[in-house]
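Predicted, not measured: the structure shown is a model, and the values here were computed from it. Counting begins at 1 with the first residue of the sequence. Counting convention: from 1, in listed order, for ligands and their atoms alike.
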Amino acid sequence: MTTLVSLFPENRRFDLTALGRLCIDLNANEINRPMEQTVTFTKYVGGSPANIAIGMSRLGRRVAFIGKLADDQMGRFIRTYLRDNGIDDSGVSTDHTGAVTGLAFTEIKSPTDCSILMYRDNVADLKLGPLEVNESLIAESRALLISGTALAASPSREAVFVALEYARAHGTPVAFDIDYRPYTWKSPEETAVYCHLVAEKSDIILGTREEFDSMERFEQNSDRSDRYTAAKWFDRGAKLVVIKHGKEGSIAYTEDGLEHRAPSYPAKVIKTFGAGDAYASGFLHGLMSGWDVARSMAFGGAAASIVISSHSCSDAMPTAKAVEDYIQRCERGEITAG
Ligand SMILES: Nc1ncnc2c1ncn2[C@@H]1O[C@H](COP(=O)(O)OP(=O)(O)OP(=O)(O)O)[C@@H](O)[C@H]1O
Ligand SMILES: O=C(O)C[C@@H](O)[C@H](O)C(=O)CO
């Protein structure tokens with residue numbers, strides 16, 4: 001049994017500070033059809049790190065956010081939602097240059113064929129500057145979560161590196177979610193270089209197999225196995241590497257050389273996105289609770305199944321009781337894949 005609870009310092013004001021984008025999701029109401037035929041959408045707070053922060057807060061964790069919002073109705077909607085969900089927004093600044101809120105229109109063609117159409121020109125989240133990174137939030141947190149998309153442009157990119165410096169100075173462990181969104185970046189090479197630099201400074205690295213491949217683009221060794229990937233990052237200081245495989249579940253590696261596997265839970269899938277964010281929040285909650293790695297992964301997987309069985313990502317993030325109930329219902333055979 002491997003636990004990582006000792007990684008997280010005790011007696012801090014927050015369990016997690018998340019850094020990255022706060023956006024809007026507009027999820028198609030008319031599901032199972034292409035965007036061309038979709039005419040109405042429901043608005044939710046979105047953005048992977050926002051979803052993870054909201055998920056952690058629903059699980060009873062104390063959460064803060066570092067980011068930047070547009071000075072418009074959408075920005076105010078997001079701030080209100082964060083506050084209503086008990087998330088400390090003192091590290092969330094407001095842009096005054098006319099930047100806009102990032103929008104993600106989700107197309108739900110079928111439960112397995114979903115895509116996101118993103119509007120990300122001149123977005124406020126990527127305007128977060130190095131001087132706007134709130135050091136005291138990082139010093140007062142048991143962990144810092146970095147979303148890889150925050151590296152896609154300056155000055156947000158520099159802000160991430162400043163946050164990493166503060167984390168190191170205050171002994172705050174870093175969880176890095178690669179969160180690769182190709183349309184935000186100029187080139188795959190740029191993604192590989194900057195994500196690599198951050199992964200080298202991270203304690204926990206989370207990503208899908210494809211995301212690790214995108215970050216390891218310049219890897220000399222042709223071995224693309226999960227085990228090789230994990231060994232590479234342990235060499236560079238990581239303590240835990242988690243590789244997600246969609247419906248096939250996830251695999252985690254720990255420094256002690258052990259491999260931990262979690263199958264997924266059944267789900268009546270409405271759309272697949274949001275799975276990774278729910279998984280991350282459930283998984284980090286489990287680790288911080290002192291559970292072993294495999295149990296934490298399973299809990300994250302159950303949270304993911306709940307979210308993909310729902311219309312939204314952020315709004316659908318479950319409480320701990322809802323996740324536990326879901327696991328029990330699956331064990332009793334009351335929930336099957338739909
Ligand atoms: N179709 C599915 N059925 C059941 N569980 C799933 C399914 N897809 C994903 N999951 C669960 O969610 C976890 C993370 O999913 P995935 O590997 O798709 O991450 P991701 O690609 O980061 O997600 P996202 O689509 O949000 O970006 C998986 O390990 C699994 O437990
Ligand atoms: O990550 C995004 O910007 C879009 C998300 O808000 C969406 O909810 C999703 O894809 C979750 O991973």
Student: Look at E216 together with R209 and state whether they make a salt bridge at an N to O cut-off of under 4.0 Å.
Tutor: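 Answer for the salt bridge query: yes.
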
Student: Against heavy atoms of A304, which atoms of ligand 1 measure under 4.0 Å?
Tutor: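 What qualifies from ligand 1 is 11 (C), 12 (O).
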
Student: What about G46: any of its N or O atoms under 3.5 Å from an N or O on ligand 2?
Tutor: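 No.
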
Student: So that I can tick it off, tell me whether E190 and R157 are bridged by a salt bridge, with the cut-off set at under 4.0 angstrom between side-chain N and carboxylate O.
Tutor: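 Yes, R157 and E190 are salt-bridged.
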
Student: Considering only non-hydrogen protein atoms, determine which one is nearest to atom 7 (C) of ligand 2 and report residue, atom name and distance to 0.1 Å.
Tutor: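 Looking at atom 7 (C) of ligand 2, the protein heavy atom closest to it is D25 OD2, 3.3 Å.
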
Student: Give me the nearest non-hydrogen protein atom to atom 27 (O) of ligand 1 as residue plus atom name, then the distance to 0.1 Å.
Tutor: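 Answer, as residue, atom name and distance: R181 NH2, 4.5 Å.
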
Student: Using heavy atoms and a threshold below 4.0 Å, how should the contact between A275 and ligand 1 be classified: side chain, backbone, both, or neither?
Tutor: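 Both backbone and side chain.
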
Student: If the cut-off is 4.0 Å to any non-hydrogen atom of M118, which atoms of ligand 2 fall inside it?
Tutor: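 Those qualifying, in numeric order: 2 (C), 3 (O), 4 (C).
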
Student: Could you check atom 11 (C) of ligand 2 against the protein and tell me its nearest heavy-atom contact, residue, atom and distance included?
Tutor: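 Of the protein heavy atoms, D277 OD2, 3.0 Å lies nearest.
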
Student: Judged on heavy-atom distance to atom 9 (C) of ligand 2, which of R120, R181, K271 sits nearest?
Tutor: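 Ranked by closest heavy atom to atom 9 (C) of ligand 2, first place is R181.
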
Student: If the cut-off is 4.0 Å to any non-hydrogen atom of F273, which atoms of ligand 1 fall inside it?
Tutor: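 Answer, ordered by atom number: 25 (O), 26 (O).
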
Student: With a 4.0 Å cut-off on N to O distance, would you call R76 and D71 a salt bridge?
Tutor: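 A salt bridge is present here (some side-chain N lies under 4.0 Å from a carboxylate O).
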
Student: Which atoms of ligand 1 have any heavy atom of S305 under 4.0 Å away?
Tutor: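 Those atoms are 4 (C), 5 (N).
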
Student: Taking atom types as modelled and ignoring hydrogens, do the side chains of R21 and S156 form a donor-acceptor contact shorter than 3.5 angstrom?
Tutor: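 The answer is no; no qualifying pair exists.
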
Student: If you measure from each non-hydrogen atom of T208 to ligand 1, which part falls under 4.0 Å: side chain, backbone, both or neither?
Tutor: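 Only the side chain of T208 comes within reach of ligand 1.
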
Student: Give the contacting part of I116 toward ligand 2: side chain, backbone, both or neither, where contact means a heavy-atom distance below 4.0 Å.
Tutor: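 Side chain only.
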
Student: Could you tell me, atom by atom, which parts of ligand 2 come under 4.0 Å of a heavy atom of R21?
Tutor: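 Within the 4.0 Å cut-off of R21, ligand 2 contributes 1 (O), 2 (C), 3 (O).
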
Student: Say whether R61 and S289, considering side chains only, have a donor N or O and an acceptor N or O under 3.5 Å apart.
Tutor: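 Side-chain D/A pair, R61 to S289: present.
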
Student: Take atom OH in Y119; do more than 12 heavy atoms of anything else shown fall under 6.0 Å from it?
Tutor: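 Incorrect, the count does not exceed 12.
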
Student: For ligand 2, which atoms have a heavy atom of C313 less than 4.0 angstrom away?
Tutor: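 The atoms of ligand 2 under 4.0 Å from a heavy atom of C313 are 8 (O).
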
Student: May I ask whether G276 places a heavy atom under 4.0 Å from ligand 2?
Tutor: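 G276: no contact with ligand 2 (<4.0 Å).
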
Student: May I have the step-by-step check of side-chain hydrogen bond (donor to acceptor under 3.5 Å, both in side chains) for Y326 and S305, ending in yes or no?
Tutor: CA-CA 9 Å; Y326 194 87; S305 283; 4.5 Å; no

Student: Any nitrogen or oxygen of D179, side chain or backbone, less than 3.5 Å from one on ligand 2?
Tutor: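 By distance alone, the answer is no.
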
Student: At under 4.0 Å between heavy atoms, which part of H245 makes contact with ligand 1: side chain, backbone, both or neither?
Tutor: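 It is the backbone that touches ligand 1; the side chain stays farther off.
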
Student: Which of the atoms of ligand 1 are close to G249, meaning less than 4.0 Å from one of its heavy atoms?
Tutor: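 Checking each atom against G249, I get 29 (O).
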
Student: Name the orientation class of the two ring planes belonging to F299 and W291 (parallel below 30°, tilted from 30 to 60°, perpendicular beyond 60°).
Tutor: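 Rings of F299 and W291: perpendicular, over 60°.
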
Student: Tell me which one of G276, P111, G246 gets a heavy atom nearest to atom 28 (C) of ligand 1.
Tutor: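 That would be G246.
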
Student: Let me confirm one number: the CD1-CG distance from I52 to L284, rounded to the nearest 0.5 Å.
Tutor: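 Reported value, rounded in 0.5 Å steps: 7.5 Å.
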
Student: Which atoms of ligand 1 are found less than 4.0 Å from any heavy atom of Y265?
Tutor: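 Taking each heavy atom of Y265 in turn, ligand 1 has 4 (C), 5 (N) under 4.0 Å.
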
Student: For ligand 1, does I308 get within less than 4.0 Å through its side chain, its backbone, both, or neither, judged by non-hydrogen atoms?
Tutor: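 For I308, only side-chain atoms sit under 4.0 Å from ligand 1.
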
Student: When you check the gap from the basic side-chain N to the acidic O, do E255 and K239 get nearer than 4.0 Å?
Tutor: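 Salt bridge between E255 and K239, a charged N being under 4.0 Å from a carboxylate O: no.
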
Student: S314 and D25: side-chain donor and acceptor closer than 3.5 Å?
Tutor: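 Side chains of S314 and D25: no pair found under 3.5 Å.
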
Student: Considering only protein heavy atoms, which is closest to atom 13 (C) of ligand 1, and at what distance to one decimal place?
Tutor: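 I find the closest protein heavy atom is Y279 CD1, 3.8 Å.
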
Student: Hydrogens and angles aside, do R181 and S48 bring a side-chain donor and acceptor to less than 3.5 Å of each other?
Tutor: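 Per modelled atom types, R181 and S48 side chains form no pair under 3.5 Å.
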
Student: Is it the case that T106 and N27 place a side-chain donor and acceptor less than 3.5 Å from each other?
Tutor: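 Side chains of T106 and N27: pair found under 3.5 Å.
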
Student: Please walk me through it: do L197 and E200 pass side chain to side chain contact (heavy atoms under 4.5 Å, CB included)?
Tutor: CA-CA 5 Å; L197 284 170; E200 284 175 344; 4.0 Å; yes

Student: With atoms numbered from 1 as shown, which atoms in ligand 1 lie under 4.0 angstrom from a non-hydrogen atom of G301?
Tutor: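 Going through ligand 1 atom by atom, the ones under 4.0 Å from G301 are 31 (O).
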
Student: Among all protein heavy atoms in this structure, tell me which lies nearest to atom 14 (C) of ligand 1, with the distance rounded to 0.1 Å.
Tutor: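 In this structure, atom 14 (C) of ligand 1 has K244 CD, 3.9 Å as its nearest protein heavy atom.
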
Student: Considering the heavy atoms of G274, write down every atom of ligand 2 situated less than 4.0 Å from one of them.
Tutor: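 Listed by number with element: 11 (C), 12 (O).
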
Student: Using a 4.0 Å cut-off to any heavy atom of S264, which atoms of ligand 1 qualify?
Tutor: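 Result: 4 (C), 5 (N), 30 (C), 31 (O).
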
Student: Only one of V242, I243, V241 passes side-chain contact (heavy atoms from CB on, under 4.5 Å) with D226; say which it is.
Tutor: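 Looking at V242, I243, V241, the match for D226 under the side-chain contact (heavy atoms from CB on, under 4.5 Å) is I243.
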
